[in-house]
Enquirer: 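This is the structure, below, for whatever I ask next.
The shown structure was predicted, so the numbers you read here are calculated from the model rather than taken from an experiment. Chain identifiers are assigned alphabetically (A, B, ...) following the order of the sequence lines, protein sequences preceding nucleic acid strands; residue numbering begins at 1 within each chain. In what follows, every heavy atom counts, from backbone to side chain, and hydrogens, waters and symmetry copies are set aside.
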Protein chains: 2
Amino acid sequence: MKKAELTRQHVLDTALALFRKRGFEETTMRDIARAAGLALGAAYYHFPSKDALLFAFYDANQSATEARTRVYPTGEPLRARLGRLFHDRLHDVAPNRTLLGAIIPRHANPADPVSAFSAESADVRARAIALFDAAIAPEDLPPPTRALVARALWAAHLGILIYFADDRSPGQRKTHRLVDDVLDLVTPLVALARTPAAAPLVAQVVRAASRAMQPDRRSGPRGPRSRSRAG
Amino acid sequence: MKKAELTRQHVLDTALALFRKRGFEETTMRDIARAAGLALGAAYYHFPSKDALLFAFYDANQSATEARTRVYPTGEPLRARLGRLFHDRLHDVAPNRTLLGAIIPRHANPADPVSAFSAESADVRARAIALFDAAIAPEDLPPPTRALVARALWAAHLGILIYFADDRSPGQRKTHRLVDDVLDLVTPLVALARTPAAAPLVAQVVRAASRAMQPDRRSGPRGPRSRSRAG
DNA sequence: CCTAGATTGTGAACGTGTTCAAAAAAGGAG
DNA sequence: CTCCTTTTTTGAACACGTTCACAATCTAGG
């Protein structure tokens with residue numbers, strides 16, 4: 001089992017290097033195998049598909065962002081916490097920014113295994129959401145609201161990444177600016193949302209959102225539960 | 001020139017029928033050619049790529065939505081106008097809902113010719129935005145705000161379509177419910193945004209948005225303008 | 001009708017991601 | 001070491017989207 005692990009890592013490193021240099025679509029599985037000093041089939045022995053290489057990168061990159069210790073100093077304001085999180089995330093992604101063009105589009109297709117909404121990426125997604133959840137934890141929101149806000153932040157972060165992928169301004173400063181603009185706009189709303197006057201509106205939002213995120217209802221809710229395949 | 005037009009339409013019809021029945025990825029260009037009674041190369045004579053077939057559909061579908069007369073009765077409230085527009089759009093798309101899974105993901109990649117952000121689809125996009133612009137026209141917003149709101153609605157509509165594509169609830173009622181929920185939440189904000197108290201906030205939003213949508217600034221803004229390729 | 005030129009159609013061939021039967025290498029038990 | 005099993009590697013082969021040199025068909029002009 002030692003040999004495989006080593007080769008696997010070597011293939012992945014080779015692939016990512018080529019992806020970064022030439023782009024995802026432009027890099028051939030045959031290129032990767034050749035560059036790694038292997039036959040085509042060997043590459044497929046370690047990675048079931050070209051997408052799997054992309055997914056492995058996605059996963060590793062997520063781990064990198066997680067590696068930053070996400071312990072927020074007590075008293076650090078929400079705006080600062082979110083700012084740090086978003087900007088750091090951009091910096092982590094930056095070296096592989098061109099790869100985003102290959103990954104992002106697939107996020108929109110729930111049937112795609114690479115998608116941000118697919119079952120296959122459920123754990124990576126959960127970990128990503130957890131990062132945002134940690135950032136808002138000190139706010140002590142009621143659990144449903146908190147879960148909702150964390151998801152919303154994660155979704156916003158996906159949008160930011162789409163923008164980032166195509167941002168050709170030097171240093172992608174436009175994206176960083178956008179992050180600051182959005183946070184400056186949204187963060188004050190959190191304080192506002194906690195006033196009693198806003199309570200009904202907040203409730204309305206939470207209700208609508210949880211409705212939308214609920215899985216499809218079965219036609220017959222009564223009767224004994226039977227495990228059936230979700231075709 | 002008559003023959004070609006006829007064959008072209010025949011190929012397109014055949015292709016769309018197959019796409020609807022079997023899905024986009026699952027349908028082969030060879031399938032299409034065979035079903036249309038042509039050789040493979042002939043299909044490529046009329047459509048430069050498989051994507052071109054998708055794009056032709058995209059365009060035709062947009063025209064279908066436009067065909068509904070978008071003359072809003074005077075006095076019809078904003079909420080009703082938008083509701084009609086969104087729900088009607090969903091109904092127009094519904095017969096080809098499965099095709100969305102093929103189109104939507106590519107919308108996120110600006111480098112993709114099919115993308116909603118690409119130069120190639122600029123006119124279709126402009127026409128789509130115009131639909132939303134017409135719906136908010138009676139509100140008499142200041143032009144920059146109006147343009148922004150129209151674009152925002154269009155973007156929201158893209159998001160709704162993503163949700164729609166994966167909505168397996170009967171009749172996709174979940175998506176229709178989501179549309180209503182979102183409109184119920186957002187429409188009142190428009191009225192709110194027009195109060196003098198909200199003016200600074202609105203200005204802030206408009207400023208941030210136009211910054212984000214501005215094309216990349218050249219490094220040297222001075223000196224004579226020279227047309228240079230945007231590599 | 002004929003024929004030159006344009007238009008439209010043909011199908012083999014290319015490069016791609018992926019699969020697979022079989023070969024090679026590695027391990028373990030005797 | 002030898003034999004057997006498991007792991008790893010190989011490269012030919014498949015179906016796909018796409019290209020292209022060529023063939024068939026159509027259209028004018030004589």
Enquirer: Give every residue pair that meets the salt bridge (Lys or Arg N to Asp or Glu O under 4.0 Å) criterion with at least one member in residues 16-30 of chain B, sequence neighbours excluded.
Expert: B/R22-B/D31
Enquirer: To the nearest Å, how far apart are A/F55 CZ and C/dG17 P?
Expert: 20 Å
Enquirer: Taking atom C1' of D/dT18 as reference, at what distance in whole Å does atom CG of B/L53 sit?
Expert: 13 Å
Enquirer: Nearest 0.5 angstrom please: A/I160 CD1 to A/L178 CG, how far?
Expert: 4.0 Å
Enquirer: Between D/dT9, C/dT18, D/dG17, which nucleotide has the shortest distance from any of its atoms to the side chain of A/H46?
Expert: D/dT9
Enquirer: Just how far, in rounded Å, is P of C/dT18 from CG of A/D31?
Expert: 14 Å
Enquirer: Can you pull out every salt bridge (Lys or Arg N to Asp or Glu O under 4.0 Å) where at least one residue sits in residues 45-65 of chain B? Sequence neighbours excluded, please.
Expert: B/D51-B/R106, B/D59-B/R127
Enquirer: Expressed in angstrom and rounded to an integer, what is the separation of B/E26 atom CD from D/dA15 atom C1'?
Expert: 14 Å
Enquirer: Expressed as a whole number of angstroms, how long is the span from B/K50:NZ to D/dT19:C1'?
Expert: 17 Å
Enquirer: Looking at the side chain of B/T7, which of C/dG17, D/dG17, C/dG9 is the nearest nucleotide?
Expert: C/dG9
Enquirer: Could you check how far NE2 of B/H10 sits from P of C/dG9, rounded to whole Å?
Expert: 10 Å
Enquirer: Using the test ring pair (Phe, Tyr, Trp, His ring centres under 6.0 Å), find all partners of B/F24 that sit at least two apart in sequence or belong to another chain.
Expert: B/F19
Enquirer: May I ask you to decide whether A/R125 forms a salt bridge with A/D123, counting only side-chain N to carboxylate O separations under 4.0 Å?
Expert: no
Enquirer: Rounded to whole Å, please give me the gap between CD in B/E25 and C1' in D/dA15.
Expert: 14 Å
Enquirer: Starting at CE of B/M29 and ending at C1' of C/dG11, how long is that distance when rounded to a whole Å?
Expert: 14 Å
Enquirer: Using atom names, set out every protein N or O paired with an N or O of nucleotides 22-27 of chain C below 3.5 Å, distance rounded to 0.1 Å.
Expert:
none

Enquirer: Short question: side chain of A/H10, backbone of A/T7 - any donor-acceptor pair under 3.5 Å?
Expert: no
Enquirer: Using the salt bridge (Lys or Arg N to Asp or Glu O under 4.0 Å) rule, collect all pairs that involve residues 143-163 of chain B, keeping only residues at least two apart or in two chains.
Expert: B/D133-B/R146
Enquirer: Write out a two-atom table: protein N or O, nucleotide N or O from nucleotides 10-14 of chain D, distance below 3.5 Å.
Expert:
{"residue": "D/dT10", "atom": "OP2", "partner": "A/A39", "partner atom": "N", "Å": "2.5"}

Enquirer: Drop me the distance from A/H87's NE2 to A/D180's CG, to the nearest 0.5 angstrom.
Expert: 3.5 Å
Enquirer: Quick check against the 3.5 Å criterion: does B/Q172 have a side-chain atom that pairs as donor or acceptor with the backbone of B/F164?
Expert: no
